[in-house]
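Since the structure comes first, as structure tokens, the remarks are kept for the end.
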4 protein chains.
Amino acid sequence: MNDGGKGGDGTGRAAPSKRKDARRNKETLLDAAATVFVRSGVEAPVRDIAAEAGVGMGTIYRHFPTRADLIIAVYRHQVEACAEAGPALLASSASPHAALGQWINLFVDFLVTKHGLAAVLQSDSSGFDTLHAYFLDRLVPVCTQLLDAAAEAGEIRSGVEAYQLMRGVGNLCIGAGSDAHYDPRRLVELLIAGLRRQPD
Amino acid sequence: MNDGGKGGDGTGRAAPSKRKDARRNKETLLDAAATVFVRSGVEAPVRDIAAEAGVGMGTIYRHFPTRADLIIAVYRHQVEACAEAGPALLASSASPHAALGQWINLFVDFLVTKHGLAAVLQSDSSGFDTLHAYFLDRLVPVCTQLLDAAAEAGEIRSGVEAYQLMRGVGNLCIGAGSDAHYDPRRLVELLIAGLRRQPD
Amino acid sequence: MNDGGKGGDGTGRAAPSKRKDARRNKETLLDAAATVFVRSGVEAPVRDIAAEAGVGMGTIYRHFPTRADLIIAVYRHQVEACAEAGPALLASSASPHAALGQWINLFVDFLVTKHGLAAVLQSDSSGFDTLHAYFLDRLVPVCTQLLDAAAEAGEIRSGVEAYQLMRGVGNLCIGAGSDAHYDPRRLVELLIAGLRRQPD
Amino acid sequence: MNDGGKGGDGTGRAAPSKRKDARRNKETLLDAAATVFVRSGVEAPVRDIAAEAGVGMGTIYRHFPTRADLIIAVYRHQVEACAEAGPALLASSASPHAALGQWINLFVDFLVTKHGLAAVLQSDSSGFDTLHAYFLDRLVPVCTQLLDAAAEAGEIRSGVEAYQLMRGVGNLCIGAGSDAHYDPRRLVELLIAGLRRQPD
DNA sequence: GATGAATGAGGTTTCATTCAT
DNA sequence: AATGAATGAAACCTCATTCAT
């Protein structure tokens, strides 16, 4: 959304120009943000991120007007990868339900390593609307596809929407890491198991 | 020493005594807090709660030194009721697993109507330690009992601890209410279903 | 301390009468205040004193409208004793200057054991005016007498006023006790030594 | 808005650069703080200082994270000057004892004009540790040097430590200014006189 | 474009003092 | 007379966000 798409823009650039500098700067920013996010969570003070990047705070606001924009940018690659893994898993797995389980695991693995991200994903603070929307837009369709496939195969009960499932999985990941006795993976596994069409 | 005083004091007191007033006031406070908690969540500013109750902020601090104390007081009755319902359900339900499901539903019903409580329950901020402890102390044993019964009856897979389950359920309840499309009950149902010993 | 504990106090009272009760109460208060002053300084919260005495805060305000009143009452005996020691020392000492030194030592001994009193004695907060006045009224004349005697005997340089000297000694006592490396007695000794008519 | 000031800045600079502005601002802050310190003492509310300077409170915290930092900054020049005057006086004075007296006078002159500083200098509140340390680190060695010189010259009794002397002098300066009848200078003079080796 | 100084709302907590019971 | 609950002013400190340079 904020930079103009899949990347067609780079093909034959010759002049390094301001543009390149800016890009480098932006990437420095993303690296710094990622680092700080790991250290202090995705709600870390802007100042800390700026300091880590060695730039002024204004620079961050220029490139990423809202925190959501920054978070999205930092995790875009991983979200994309996750989204793209959906169809692939569907194709390669023994069953749609298995594919769903594996895909969800990818999502969980992503979330549990992102200190504070899961929490912010369910925040209803309007500042995070964009973030919310991005994750949903990108992942819900994939999840829907997997869910539909499993439903069609008769493996799962119907009536569970992808949106809900994603939200639930996201929620289960909140607080992981701060409590060694809490293992979201295990619970998510139960959740997915619960989707199974029941024997009785 | 300070009240013996004149001596008699007892039997037929007409004066309602400060004590009674204070007690009433405390209840006013709890009502006010409950109201504000619904409106703005359990992390609402102390000042707001005081205003709602029509008292000074100091009054709140007098009765409830920490926010955790206030939250516990506000919800104590419901938590107790929930805890006590466990054994009852176990006795009256068709199966331990069914009892577990029903009990969890009670817990979910409780949580989803408490704006922000679920979120705070998993917060690792030290200010909420007491709150955390209270919920855990009161509910985990009950859950354990239900879980054990179900395990013994061979209805569920073993290896899931009550603590984890409660945490998971609590997490699933975060953000309920702020999103009409998100229904924790449904997901919790899946989670509990997932506990079932699998057919394969 | 404040309730008689061992029970010895019962000797032979027949008619406790309101008056006596009130007196007892007042004394209980003074004991409690003294205790708390030692523990937390003379600026300890009113509530603490009330708690120590086992009475309500209102009772303290009734008997001692201002903190200064309370402080004065607590230390009155000792201040009186100090004041009265002046003439006695003058009569019994080898020289007026020696008497002065001994008397000042009494004052210092009194102050250094009263956590925070010296500090409050020089506070210009209007709340302490009475306190200020009491100490001054009671002790400055005594000091003047000693000073005059010493001056008359040609032992000290003239031109130092009792008020100043008392203030100075009081100031030197501030903070004693909180710093093992600071010994007001030694400095006061220098001050008094400095009063001596210089040889040159 | 915030300073207008003496006007010297007009020379020829066109772009005073943020840095320069900030520096000026910092000085504005120090001036304001000094003013407020005179008016209300060194423990004046941060908000008052900010108001006096015409800046937000955050600005104060940016430049001076703790109150001790601010106080030190406000008085640094004078403390340094005082410290540096020590050796100079020693070199130029008739005797080490005279030098000591003059140096102490400088210190007293400094303190008596700093409303509340002397009081805070003996506070044992941990917030002022830095302040305490600064004054001690800077001045005690100088005092030691003067004291040692005088002792070596046989002018004073030994056994008085610079730390104690400084503390004592500081204490004597507490409350100066709020009482026209109290003149610390006179008392300090006595103290120093008292150091003299006694004739007897 | 970049910088980072400045702003100031926002929330917390403490206690002296009053006054209804 | 005594009680102690209630009041609420005061101060503190933090950060997201803006904007002059």
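Every chain is numbered from 1, with letters handed out A, B, ... down the list of sequences. What you are looking at is a predicted structure, and each value in this text was computed from that prediction instead of being measured.
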**Report entry** Between E:dA16 (P) and C:I71 (CD1): distance, integer Å
**Finding:** 12 Å
**Report entry** 5' precedence on DNA chain E between B:P45 and C:P65 (nearest-nucleotide basis)
**Finding:** B:P45
Query - Distance-only donor-acceptor check, side chains D:S126 and D:D129, under 3.5 Å - result: no
Query - B:H115 side-chain N/O to B:S40 backbone N/O, donor-acceptor pair under 3.5 Å - result: no
Report task. Answer yes or no: is there an ion pair linking C:E52 with C:R39, defined by an N-O contact shorter than 4.0 Å? Result -> yes
Report summary line: Comparing nearest nucleotides in DNA chain F, the 5'-proximal residue of the pair A:R47, B:I60 is B:I60
Query raised in the report: When all nucleic acid strands are considered with a 4.0 Å heavy-atom cut-off, which category describes B:G54: base, sugar-phosphate, or nothing?
Result: sugar-phosphate
Query - Pairwise 5' ranking along DNA chain E for B:E43 and D:M57, keeping only the more 5' one - result: D:M57
Query raised in the report: So, is A:N25 close to the E:dG1 phosphate, meaning a side-chain N or O under 4.0 Å from OP1 or OP2?
Result: no
Query raised in the report: Just checking, any donor-acceptor pair under 3.5 angstrom between side chains of C:D31 and C:T28?
Result: no
Report task. Compare side-chain N and O positions of A:H63 against OP1 and OP2 of E:dA2 and report whether any pair is under 4.0 Å apart. Result -> yes
Requested in this report: Please determine, for E:dT12, whether a Watson-Crick or G-U wobble partner exists with both distances under 3.5 Å, and give it or none.
Outcome: F:dA11
Report task. Tell me whether the OP1 or OP2 atom of F:dT17 has a side-chain N or O from A:R67 closer than 4.0 Å. Result -> no
Report task. May I have the distance from D:L29 (atom CG) to E:dT7 (atom C1'), rounded to whole angstrom? Result -> 13 Å
Query raised in the report: Rounded to whole angstrom units, what separation is found between the CZ atom of A:F64 and the P atom of F:dA16?
Result: 17 Å
Query raised in the report: Between F:dA16, E:dT14, F:dT14, which nucleotide has the shortest distance from any of its atoms to the side chain of B:Y61?
Result: E:dT14
Query raised in the report: Can you check whether B:R62 has a side-chain N or O nearer than 4.0 Å to OP1 or OP2 of E:dT14?
Result: no
**Report entry** D:A33 to D:L70 - nearest heavy-atom pair and separation
**Finding:** CB-CD1, 3.9 Å
Query raised in the report: Using purine N1 to pyrimidine N3 plus N6-O4 or O6-N4 for Watson-Crick, or N1-O2 and O6-N3 for G-U wobble, both under 3.5 Å, which nucleotide pairs with F:dA6?
Result: E:dT17
Query raised in the report: Quick one: on DNA chain F, does C:G58 or B:G56 contact a more 5' nucleotide (nearest heavy atom)?
Result: C:G58
Report summary line: As its Watson-Crick or G-U partner within any shown strand, both distances under 3.5 Å, F:dA1 has none
Query raised in the report: What integer distance in Å separates C:I49:CD1 from E:dT17:P?
Result: 12 Å
Query raised in the report: Just to confirm, is there a sub-4.0 Å distance from OP1 or OP2 of F:dT3 to any side-chain nitrogen or oxygen of C:T59?
Result: yes
